[in-house]
2 protein chains.
Amino acid sequence: MISKSKISYIKSLANKKLRLKYGCFVAEGNKIAIEILNSNWAIEQVYATQKFVDEHQFEFNKNKIEIITNEEIERISNLQAPTDVIIVMKIPSANKIIINNHGWSIALDGIQDPGNYGTIIRTADWFGIQQIFTSPDCADLFNSKTIQATMGSFLRMKVDVVDLEKLITENKFDQIAVAVMNGENIVKTTFTKNGLLVLGSEGKGVSQKIIDKATHLVTIAGKGKAESLNVAVAAGIICSRLPI
Amino acid sequence: MISKSKISYIKSLANKKLRLKYGCFVAEGNKIAIEILNSNWAIEQVYATQKFVDEHQFEFNKNKIEIITNEEIERISNLQAPTDVIIVMKIPSANKIIINNHGWSIALDGIQDPGNYGTIIRTADWFGIQQIFTSPDCADLFNSKTIQATMGSFLRMKVDVVDLEKLITENKFDQIAVAVMNGENIVKTTFTKNGLLVLGSEGKGVSQKIIDKATHLVTIAGKGKAESLNVAVAAGIICSRLPI
């Protein structure tokens, strides 16, 4: 049986400050777990049902797996429909930021919804984008909801929290395309082979300082009456037009 | 002060059976509320803070507004970050299903996540699509999370729960485009002016019976390593290619 102190430790990782203090975060869900267990990311502890361990094959030291019941998982899960496995992972140490000048990268300005943030990582990974920059006021990558929404793509994405203005000033991007409400229709935009796509929050959009540095202000044309698109949907539509 | 019986009534509307019994559902959030209050949808009761009422203008009988505190809203809210207003709305009576043969419609097969469902309604509304069909096992339109994710677009969308196979058999669509993992690249597909776009759940995809009736099996090409795209993102990307 899982101890009370372990339960309160795992639950404490829902708090960003405590994640930084302990250097750990939580990933949940069977599909994500399989990807994690077959990756080389550092794992502190796996909590799984006997069923999960029996039914899945993965390369992982089984001594680090604690078998727990579904009822116990429900007690520590952040999900509304808890699955069979919860993994406590170690936050990787920040590497020196290396700008990948090949292909496109995405910059997120003030995107605070972890579900949208994680879905953008998943979408970027689908299209083969390898690097995402976020402003310091974006949701935290290691929030379990962000991790959940990535569906495992966080394992492959290089994510750096940066001052976006400085990033743009100090690095050369062939194009800086900023998504705005009244820009050029993306269908008419000619995108080069590499650049930076900047997306802002649905409420506030991209900050003016960044807009001022754009080479292209782009918009997804719509004939309907919705006021805006979900930012992860917008990211997907623009990515699908990039020559990557 | 809001009565205990009202609180338990509002909370009970999180349950689909009780929504059907009472014929009501809950919509939350300031932006959605403004759209609702300026629409002609039937409202049972508005619960709002004094601040909300003072700061916003809308055409609505103010006698139907009960002023409550932020603490009270927190008690009845389904949102993690409750806003200033919660509206109990009446579920509209089902109309005879009329197939709109002009333009494109969307059919959803087994999409159970209310957030994805609502985001698809919002996305469809952005592109000017006016009709969505869902299989009976999809999430409920009147789940507060679906409503929330539509950002008000449910007010403009014709949504019908139908037997999708029957829908396709009994009606003529110029094209029936089904999103699959290994179909034709949508970039190469020539879409006609009207048709039906069918999307399935991320886990199970579209059911074989529907795939068998497709005129086009379409896929969003990706060079990365993610196993799939979020279904609302996929809906957005395909909609952005339709001639609407």
Side-chain angles (χ1 to χ4, degrees), chain A residues 30-32 34-35 39 78 80-81 103-104 112-116 118-130 145 149-157 185-187 202-203 219-244, chain B residues 30-32 34-35 39 78 80-81 103-104 112-116 118-130 145 149-157 185-187 202-203 219-244:
Chain A
N30 296 16
K31 269 197 172 182
I32 289 186
I34 297 294
E35 281 208 58
S39 78
N78 280 304
Q80 290 219 316
W104 279 78
Q112 290 178 336
D113 182 272
N116 284 338
T119 303
I120 290 172
I121 292 174
R122 177 182 178 189
T123 305
D125 185 30
W126 174 266
F127 285 106
I129 288 170
Q130 291 169 3
K145 285 182 192 154
T150 71
M151 290 298 283
S153 289
F154 76 96
L155 295 166
R156 290 176 291 275
M157 192 62 57
N185 186 339
I186 49 155
V187 174
E202 292 168 32
T219 296
I220 298 159
K223 285 184 189 158
K225 288 185 179 159
E227 219 178 83
S228 64
L229 280 168
N230 169 283
V231 66
V233 172
I237 294 170
I238 301 175
C239 285
S240 77
R241 297 273 173 183
L242 298 177
I244 37 179
Chain B
N30 296 16
K31 267 196 171 182
I32 289 186
I34 296 294
E35 282 207 55
S39 79
N78 280 303
Q80 290 219 316
W104 280 78
Q112 291 177 336
D113 182 272
N116 284 338
T119 304
I120 290 171
I121 292 174
R122 178 181 177 188
T123 306
D125 185 30
W126 175 266
F127 285 107
I129 288 171
Q130 292 171 1
K145 285 180 192 157
T150 71
M151 290 297 285
S153 288
F154 75 95
L155 295 165
R156 290 176 290 274
M157 191 63 54
N185 185 339
I186 49 156
V187 173
E202 292 169 33
T219 296
I220 298 159
K223 285 183 189 158
K225 288 184 177 158
E227 220 178 83
S228 64
L229 279 169
N230 168 284
V231 66
V233 173
I237 294 170
I238 301 175
C239 285
S240 77
R241 298 272 173 183
L242 299 175
I244 37 182

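In the text below, chain A, chain B and the rest are named by the order of the sequence lines, each starting its count at 1.
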Region of [X] in contact with chain A, defined by heavy-atom distances below 4.5 Å:
X: B:I186; result: neither
X: B:T123; result: both
X: B:R122; result: both
X: B:S228; result: both

Looking at CE of A:M157 and NZ of B:K225, how far apart are the two atoms once the value is rounded to the nearest 0.5 Å?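 Going from CE on A:M157 over to NZ on B:K225, the span is 11.0 Å.
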Between [X] and chain B, with a heavy-atom cut-off of 4.5 Å, which part of the residue counts as in contact: side chain, backbone, both or neither?
X: A:I244; value: backbone
X: A:S153; value: side chain
X: A:A234; value: neither

Please enumerate all residues that pass side chain to side chain contact (heavy atoms under 4.5 Å, CB included) together with B:A149, with sequence neighbours excluded.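 Per chain and number, B:A149 pairs via side chain to side chain contact (heavy atoms under 4.5 Å, CB included) with B:T119.
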Contact list for residues 227-243 of chain A, test salt bridge (charged side-chain N to carboxylate O under 4.0 Å, His left out), sequence neighbours left out: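 Every pair satisfying salt bridge (charged side-chain N to carboxylate O under 4.0 Å, His left out) with a residue in residues 227-243 of chain A: A:E227-B:K31.
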So which heavy atom on A:W126 is nearest to which on B:I220, and how close?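 Answer, listing the atom of A:W126 first, then B:I220: CZ2-O, 3.0 Å.
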Specify the closest pair of heavy atoms between B:F127 and A:I237, including all atoms of both residues, with the distance to one decimal.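 B:F127 and A:I237 have their closest heavy atoms at CZ-CD1, 3.7 Å.
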Which of the residues A:A221, A:A124, A:G152 is involved in the greatest number of heavy-atom pairs with chain B at under 4.5 angstrom?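 Counting heavy-atom pairs under 4.5 Å, the top option is A:A221.
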Who among A:N230, A:L229, A:I238, A:T150 has the most heavy-atom pairs with chain B under 4.5 Å?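 If we count pairs closer than 4.5 Å to chain B, A:L229 comes out on top.
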